[in-house]
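Comments concern the structure below.
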Amino acid sequence: VTKSANKHDQLTEWVHTYSDSLYQWAYHKTLHHETALDLVQETFLAATHGFDSFRGESSAKTWLFRILNHKITDYYRSSYYKKSTLREQIDENTGDAIVSSMFTQNGDWHASGPMGHTSDDDLSADNPAFVALLTRCMDDLPAKWRQAVTARYLTDQDPKIICQELGITPSNYWQILHRAKLLLKKCITGARNP
Amino acid sequence: MNKMMRLLFYPCRKATELVEKRHLTRLRPTESLRLRAHVTMCRSCARYAHESEVFDKALSGLTQQPPDAPALSAAEKNQLIDTLKQSG
């Protein structure tokens, strides 16, 4: 058995054993199927190229997750990530403009704004239709805002690291959360009351 | 909100921003008081605070349990394996 065949057998086995949990983690971090799939592929490609440097000091799982976490960080820093906001998502300036349009100059809710009209029965984390709608609305957020929202639920990240990754200050952080929630509110109410 | 109330209370935009700040960090005592006063009087902002919590709950559920696609399909795995073989 050649060394290269060995390597491929090992990687194939790792794909079968770990790709689901790697994918779940990547999805959890990005809330986006194709991005998560790409990140998993990049992780295994890096593992293929760096195979000789894996000495079994840590488990293969730990090693692969470490690579994946680097890839996730790279992804959020990359220009691809910044450009990828173009497809369906709106950019931050547009997001700011929409948020401003929800308030008067004095900072009160616009009377014509999307207020009320949602029933409490529908608006529940236990309602699958609501959760599905919320997920769709998340996809429309500027990518950085979406990341700011999702980063909070990740157990391994303290707010300092989230701010570093996003290149923002703590006060930026809750301002972004605020704007993101306002867009979600508008998106959800708009979908319900067309 | 009318003019006099505006002197006493935050505008809605500021109040709802503080709702988010409160999730992340301790508010200053004055912020906390003024926010509570605002939300007590302002149904729209109370509504925002409620919705914000529902969003958080729903999204935290999502991140813990990916919907629909918790795993890669067999086809996606095989394609991944092929890609790795081609890459050397």
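Everything numeric here is computed off the predicted structure, so don't read it as measured data. A note on names: the letters A, B, ... follow the listed sequences, proteins ahead of strands, and every chain is numbered from 1. Every heavy atom of this structure was used, including side-chain atoms; hydrogens, water molecules and symmetry mates were not.
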Query - Sub-4.5 Å side-chain heavy-atom contact between W174(A) and T25(B) - result: yes
Query raised in the report: Do the rings of H178(A) and Y48(B) sit parallel, tilted or perpendicular, given the 30° and 60° boundaries?
Result: perpendicular
Query raised in the report: Can you tell me how far CD of E42(A) sits from OG1 of T83(B), rounded to the nearest 0.5 angstrom?
Result: 12.0 Å
Query raised in the report: chain A heavy atoms under 4.5 Å from L24(B): which part of the residue, side chain, backbone, both or neither?
Result: side chain
Query - Closest non-hydrogen atom pair between L84(B) and L45(A), with its separation - result: CD2-N, 3.6 Å
Report task. Nearest 0.5 Å please: distance from the CG atom of L37(A) over to the CG atom of L80(B). Result -> 7.5 Å
Query raised in the report: Would you call D108(A) and R13(B) a salt bridge, using N to O less than 4.0 angstrom?
Result: no
Report task. Could you grab the distance from atom OG1 of T16(B) to atom CE of M102(A), nearest 0.5 Å is fine? Result -> 8.5 Å
Query - Gap separating the NZ atom of K77(B) from the CZ atom of F44(A), nearest 0.5 angstrom - result: 9.5 Å
Query - Beyond-backbone contact of K21(B) with L177(A), side-chain heavy atoms, under 4.5 angstrom - result: no
Report task. Below 4.5 Å from any heavy atom of chain A, which atoms of E76(B) appear? Answer side chain, backbone, both or neither. Result -> side chain
Query - Short side-chain to backbone donor-acceptor contact, N106(A) and P11(B), under 3.5 Å - result: no
Requested in this report: To the nearest 0.5 angstrom, please state how far the CG atom of L184(A) sits from the CG atom of L59(B).
Outcome: 7.0 Å
Report summary line: Scanning both residues in full, the closest heavy-atom pair of F103(A) with C12(B) reads CE2-C, 4.0 Å
Requested in this report: With side-chain contact (heavy atoms from CB on, under 4.5 Å) as the test, would you mind laying out the steps for F55(B) and I188(A) before giving the verdict?
Outcome: CA-CA 11 Å; F55(B) 293 170; I188(A) 281 164; 3.6 Å; yes
Query raised in the report: Among H8(A), Q175(A), R179(A), K7(A), who wins on heavy-atom pairs under 4.5 Å with chain B?
Result: H8(A)
Query raised in the report: Non-hydrogen atoms of chain B under 4.5 Å away: do they reach the side chain of T43(A), the backbone, both or neither?
Result: neither
**Report entry** Smallest separation among heavy atoms of H49(A) and S87(B), with atom names
**Finding:** NE2-O, 3.6 Å
Query raised in the report: Side chain, backbone, both or neither: which part of L134(A) has a heavy atom under 4.5 Å from chain B?
Result: side chain
Query raised in the report: Are R47(B) and L123(A) close enough, and set up right, to give a side-chain contact (heavy atoms from CB on, under 4.5 Å), and what steps lead you there?
Result: CA-CA 11 Å; R47(B) 173 102 215 149; L123(A) 195 84; 3.7 Å; yes
